[in-house]
Amino acid sequence: MPSFNRRSFLQLGLGVTVLGAVGCSPAKPAAQKQDSRTFTIYWNAGHSYDTYQQVFDQFGKDHDLQINWQKFQWPDLTTKLTADFRSGNVPDLVEEVSAGTGTQYGLAGHVLALDEFAAADKEFGFPGDYLDQAVVARQYEGKTYSIPLHLTANGLLFYNKAMIETPPATWDEFLEAAKGATKDKVFGCSLNSDPSYAAPYYNQQGVSFSDVAAKQFMQPADAALKTMQFLQDLVYTHKVSPAPVATTDYSGPQKLFSANRAAMFVSGPWDIGPIRQGSPDLDLGVAVPLTGAVQSAAMAGSGLMIPAKAKDPKLSWELITRLGAVQTELAATKEAGMSMPRKSWAADPAVAADPNLAVIAKSLAVVAKQDIALSASGKAAQIQELWKKAYQQMIIQHAPVGPTLDDFRKQAEAAL
Amino acid sequence: VIRRRQAITAWLFLTPAVLFFALLFFLPIGNQLLTGGYDSAGTSFVGFGNFTRAFGDPEILHSFLITLGYAAGTLIVGTAVGLGLAVILNQSLRGRTLFRSVLLIPYLTSVSIIGLLWRNILDPQVGILNRLLEAIDLPGQTWLSTHPLATIVGITVWSSAGYTMVLFLAGLQGIPGLYYEAARIDGAGPWRRFVSITLPLLAPTTLFVSIIGLISTLQQFALPYIVTGGGPGNATSLYAHRLFLVAFNDNDFGYASALSVLLLIVVLILSLAQLRIGDRTDA
């Protein structure tokens, strides 16, 4: 049996201490440890189409890269990205949740302005071949911080043709149709717990969510009150919509619709695929946005950003050009029914002949202008969270509309 | 000389553990404390500004109050349910080993799965529970909207009851049968035996359960995040969820760090108070 003296104890202790210190020392950021041949992409789980998988596979093969395609729900992607920006351990390409997010990150120095890449790559056709609204919403003071991947309109009216013969065009018709379709276990319509789905409605009353220059929110106030009261009444007065359930998931109305428990709901093209796949027998109708004081929809659609500390921004740009190529856009549309931002996509005969895509194209023409200054203020996420609270209080908890809106305005103005 | 050698030996053996805690616990806490002294941009030192700001922030006060409500509800109901199950399964019942194992499954299941499971069960429109209630002609529930916090308490109790039960079972099995026998001879009924023997002798277990439960409930984040997203409104935005929003939504890591240090202080105070109460009870 070996004998231990003081020296051997000291040696042992020192050895264990060093091992412990090495083992416990903060881990090096994964990206630095990762093989430089690994290319990391953050993506929304709902957009993980086979089309994109094929693009990534080919890209990896062409450059001898291992593609690390990480998929998240939007809130988780945002959380991960925020943490990554702080640690400096960033992915090589990121899908942007919506127009303006890239601007917010770009102004903080976290993502690159892409104008120089685009200018040097005439063949890609940015911004010339892109619909203006998708580009303008991503620009601030002459710089573009993301390239549009999808361009959609939130405000399309989804209806079940077996329950609604003629789609309503105005708010009054919508209410009447909802009342007519509401029966024992079927609701005439279904509201979403996600507050961004209220945007088409308040846009249709000419309400602007924010005017940062004037430090105002949800104005004009009387029109905002009318909108939110209308939505609240759908649930509690007319009882034509169930009160939505507060979750981080925005697919509640679509699921209810697919289960033949709701006759109508307002959403965007991303719900066409799940309905077709989940309920192939359902006679789906998609109509243009409703008309309140005006006909309007809210712009939606993700983009692509390159983190400022990405390993090789040129390589990231090359992948953007592949993902944004019109052939990729057409393939993704064919696969998932998603609408795209290129003018050449809209002009393609396959798109022009599709009745649902024609409706989307009409809707894109009436999307309301976004207040770019809100994203640039860096307070957009904080104010959206305040709006979420107010919206859920009004629609789920039946809080009085006027005071709740006033409260939201005060809090949002203070946050700004 | 021998004593000195023994001391050195002891310190040498302790060093890895001390280093482990210093690097992985105390260093991050110190870093947190330091970050808490900076503004949202992380550039200007604001002293205790972030700490004092928390006391005047209505959202933080709201989240703290509902967290206390959540902790109280979970501890009281959870302890009662865990103890009840332990008492039942401490009897010589047929299949009790199976029941004990089955009751422990929710505790061993990931909180994400539990959250998604209950969110789907409780959904008023497409959830299984309302389908069942409908089938037996009972009105449907909308608890996620009408009683969101109580629902989160219920889910927590459901998921942790098995663990609490195991702790109480261990405590129950440590009570000598002799005491019960003596009490029975003296004419004490089951309730009297439970109140006068079981409960007092389970006091250390109860204290342990309540301290562990308090610490975990005050830090609860995942369940409301998954089940309700902190809503409706801010009804289930518990303290840790609010802290998360301050950090990752408002991008104010200085304030979020200060809030996390305040939570640590509250947990320490409440845990110490519980230990003091426990000491007095023992005395």
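Quick note on labels: first sequence line is chain A, next is B, and so on, each numbered from 1. Owing to the predicted nature of the structure, the values given are computational and were not obtained by experimental measurement.
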Trainee: Minimum heavy-atom separation for A:Val245 to B:Ser145, with atom names?
Mentor: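 That closest heavy-atom pairing would be CA-OG, 4.3 Å.
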Trainee: Side-chain contact test, heavy atoms from C-beta onward, threshold under 4.5 Å: evaluate it for A:Gln393 versus B:Asn234 and give yes or no.
Mentor: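 Yes, their side chains come closer than 4.5 Å.
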Trainee: Counting only non-hydrogen atoms closer than 4.5 Å, does A:Pro244 touch chain B with its backbone (N, CA, C, O), its side chain (CB onward), both, or neither?
Mentor: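 Just the backbone, heavy atoms under 4.5 Å.
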Trainee: Quick one: list whatever passes side chain to side chain contact (heavy atoms under 4.5 Å, CB included) with A:Lys183, sequence neighbours left out.
Mentor: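 Once residues adjacent in sequence are excluded, A:Lys183 has no partner under the side chain to side chain contact (heavy atoms under 4.5 Å, CB included) criterion.
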Trainee: Is there a donor-acceptor pair under 3.5 Å between the side chain of A:Arg261 and the backbone N or O of B:Gln125?
Mentor: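 Yes, A:Arg261 side chain to B:Gln125 backbone: donor-acceptor pair under 3.5 Å.
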Trainee: Looking only at heavy atoms, what is the nearest atom pair of B:Asp250 and A:Gln382, with distance?
Mentor: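 B:Asp250 and A:Gln382 have their closest heavy atoms at OD1-CG, 3.2 Å.
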Trainee: Shorter than 4.5 Å, heavy atoms on both sides: which option in B:Asn251, B:Ile226, B:Leu245, B:Thr142 has the most such pairs with chain A?
Mentor: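 With the most close heavy-atom pairs to chain A, the winner is B:Leu245.
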Trainee: Against chain A, label B:Tyr225 side chain, backbone, both or neither, depending on which of its atoms sit under 4.5 Å from a heavy atom there.
Mentor: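 It is both, since atoms from each part get that close.
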Trainee: Where does A:Phe187 contact chain B at under 4.5 Å (heavy atoms): side chain, backbone, both or neither?
Mentor: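 Contact with chain B is through the side chain of A:Phe187 alone.
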Trainee: Please indicate whether B:Phe51 has more than 12 foreign heavy atoms, meaning atoms of other residues, nucleotides or ligands, lying under 6.0 Å from its CZ.
Mentor: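 Atom CZ in B:Phe51 is packed in, count exceeds 12.
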Trainee: Nearest 0.5 Å, please: how far is OG in B:Ser40 from NZ in A:Lys379?
Mentor: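 Between atom NZ of A:Lys379 and atom OG of B:Ser40 there are 5.5 Å.
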Trainee: May I ask you to check whether over 12 heavy atoms, not counting those of A:His398, lie within 6.0 Å of atom NE2?
Mentor: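 Yes, the 6.0 Å shell around NE2 holds more than 12 heavy atoms from other groups.
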Trainee: Counting only non-hydrogen atoms closer than 4.5 Å, does A:Lys185 touch chain B with its backbone (N, CA, C, O), its side chain (CB onward), both, or neither?
Mentor: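 Answer is side chain: those atoms of A:Lys185 sit under 4.5 Å from chain B.
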Trainee: Select one option (side chain, backbone, both, neither) describing which atoms of A:Asp194 are under 4.5 Å from chain B's heavy atoms.
Mentor: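 It is neither, since no heavy atom gets under 4.5 Å.
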Trainee: Within a radius of less than 6.0 Å around OH of A:Tyr236, do more than 12 heavy atoms belonging to other residues, nucleotides or ligands occur?
Mentor: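 For A:Tyr236, atom OH is crowded (more than 12 foreign heavy atoms under 6.0 Å).
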Trainee: Chain B heavy atoms under 4.5 Å from A:Ala83: which part of the residue, side chain, backbone, both or neither?
Mentor: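 For A:Ala83, the contact with chain B is made by backbone and side chain together.
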Trainee: Could you check whether atom OH of B:Tyr107 has more than 12 heavy atoms from other residues, nucleotides or ligands sitting under 6.0 Å from it?
Mentor: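 Atom OH in B:Tyr107 is not packed in, count stays at 12 or less.
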Trainee: Using non-hydrogen atoms only, which part of A:Gln411 is less than 4.5 Å away from chain B: side chain, backbone, both, or neither?
Mentor: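 For A:Gln411, the side chain is the part near chain B, not the backbone.
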Trainee: Name the option with the most non-hydrogen atom pairs under 4.5 Å to chain A; the candidates are B:Pro224, B:Ser237, B:Pro232.
Mentor: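 It is B:Pro232.
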Trainee: What is the minimum heavy-atom distance between A:Lys388 and B:Gly229, and which atoms define it?
Mentor: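 Smallest interatomic distance, heavy atoms only, reads NZ-O, 3.1 Å.
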Trainee: Hey, what do you get for CG (B:Asp123) to CG (A:Leu256), rounding to the nearest 0.5 Å?
Mentor: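 Atom-to-atom, B:Asp123:CG and A:Leu256:CG are 8.0 Å apart.
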Trainee: Check the surroundings of atom NZ in A:Lys309: do more than 12 heavy atoms from other residues, nucleotides or ligands lie under 6.0 Å from it?
Mentor: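 At most 12 heavy atoms, drawn from other residues, nucleotides or ligands, come within 6.0 Å of this atom.
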Trainee: Compare every heavy atom of B:Gly231 with every heavy atom of A:Ala246, then report the nearest pair and how far apart it is.
Mentor: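 A:Ala246 and B:Gly231 have their closest heavy atoms at CB-C, 3.8 Å.
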Trainee: Taking atom NE2 of B:His62 and atom NZ of A:Lys389, what is their separation to the nearest 0.5 Å?
Mentor: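 With rounding to 0.5 Å, NE2 (B:His62) is 8.0 Å from NZ (A:Lys389).
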Trainee: Taking every non-hydrogen pair under 4.5 Å, which of A:Ala399, A:Pro242, A:Gly252, A:Gly378 racks up the most with chain B?
Mentor: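 Sorted descending by pairs with chain B, the first entry is A:Pro242.
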